[in-house]
2 protein chains.
Amino acid sequence: MEEEIVKLEEAREEFVAQWGIMGAQWGINRTMAQIHALLMTAPEVMSTDEVMETLAISRGNAHTNLKDLVSWGLIRIVTKKGERKEFFEAEKDVWEIFRRVARERKRREIDPALETLRNCKAASEDMKSAEGKAFHDQMGQLEDFVSFASKMGDRVASMQHGKAIKLAMKFFS
Amino acid sequence: MEEEIVKLEEAREEFVAQWGIMGAQWGINRTMAQIHALLMTAPEVMSTDEVMETLAISRGNAHTNLKDLVSWGLIRIVTKKGERKEFFEAEKDVWEIFRRVARERKRREIDPALETLRNCKAASEDMKSAEGKAFHDQMGQLEDFVSFASKMGDRVASMQHGKAIKLAMKFFS
DNA sequence: ATGAACTTTCAGTAAATACTGAAAATTGAT
DNA sequence: ATCAATTTTCAGTATTTACTGAAAGTTCAT
């Protein structure tokens, strides 16, 4: 039965490593994604020291990324009574994870981009030249698309899991 | 009327810069995103030299990123008769841009991640411990979610623009 | 008020990523 | 076959991003 524990740890390590790579490809720092993966598959809450030790990273690094994960709403701080230390626990529901990431990325990245697109569109509003008109038109198309996608995201993210599943079923019919 | 040209160039520069920042936030290199933005708003096809000059970057950099954009299907090579140089032209249709990015990211990033999730799930298939079962279950949930999202993406990406719009309308009703 | 337990910050450093520029390779016209 | 135009590659370098570790700050029990 000891064998099972080893196998589990191996599988978990593979998952943590791959989640880190995937995070990096999507513009999230590798360590943050790894900590997230670690906590998602942790049977119990973990302290900063445990995270440090498991991933072999420094206190500063662990601390910063744990706090970033908290600010993304992907993990939460838990305190045990009688203990002064903070422990961390991940949101494990995939639908909830998706919703939180979608919300944050909208707020942090999509909205500022939309702002720029609107600026560029406005700046080229009354242009007479063919180039000016084409640019204005292109900005308009991009703005429409991005704001549409963003609204879709909002809409989906604010749904209950069950509703979303139903919708998806309809979608595939 | 000269004034309009200046204003247009300013707006275009703002767009190029912001698109670069956004790209970087989504794990795409800044220069690649900037070249893409530049070509999306170019009234004419551009040569490597023109791209180099406009963005003040080296030949190697311009070359590498132009070829990467071609491999993403976001720009294409155009030749002018009587000229040996290659020119580049961007796909301008936002829906088509979205489809190509979705396809490539699936192929390059989602599919490998799914592979790992399946591995981890399989590796913990017959585990008896509570930890093993919980891990297996978590991998299963993640796999279901990712593969579902990926299928949705496929489905949407393979739609015609018009169909997608209709669907979206239904969605918002 | 003191001090141990713990968290936070941050200057310095390491690692990863992106870029340059020039040399090598390729292409196509003569 | 030669050569000028053009594309491609890549060793070296610069820039950006991430990490370390230790010092400073905070909190809470006594």
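Predicted model only: the values in this text are computed from it and were never measured. Just so we're on the same page: letters track the sequence lines, and every chain starts at 1.
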Shortest non-hydrogen contact between Ala11(A) and Cys120(B), atoms and distance: O-SG, 3.5 Å
Answer yes if the side chains of Glu4(A) and Ser129(B) hold a donor-acceptor pair under 3.5 Å, and no otherwise. yes
Short side-chain N/O contact to dT8(C) OP1/OP2 from His63(A), under 4.0 Å: yes
Can you tell me the distance, in whole Å, between the [atom1] atom of [X] and the [atom2] atom of [N]?
X        : N       : atom1 : atom2 : value
Asp68(B) : dT7(D)  : CG    : C1'   : 15 Å
Leu66(A) : dA18(D) : CG    : P     : 16 Å
Leu55(A) : dA18(D) : CG    : C1'   : 15 Å

Between Lys133(A) and Met127(A), is any pair of side-chain heavy atoms under 4.5 Å apart? no
Mind checking whether Phe15(B) and Leu38(B) have side chains closer than 4.5 Å, heavy atoms only? no
Can you name the one residue among Glu91(A), Lys92(A), Glu89(A), Met46(A) that meets side-chain contact (heavy atoms from CB on, under 4.5 Å) with Leu39(A)? Met46(A)
When you check every protein heavy atom under 4.0 Å of nucleotides 15-22 of chain C, what one-letter string (B, S, -) results, 5' to 3'? ---SSBB-
Between the side chain of Arg76(B) and the main-chain N/O of Phe88(B), is any donor-acceptor distance below 3.5 Å? no
Hey, does the side chain of Thr54(B) reach the backbone of Glu50(B) with a donor-acceptor pair shorter than 3.5 angstrom? yes
Give a yes or no on this: more than 12 heavy atoms of other residues, nucleotides or ligands lie within 6.0 Å of atom CD of Glu53(A). no
Close residues, residues 77-91 of chain A, relative to DNA chain C [heavy-atom separation under 4.0 Å]: Arg84(A), Lys85(A), Glu86(A)
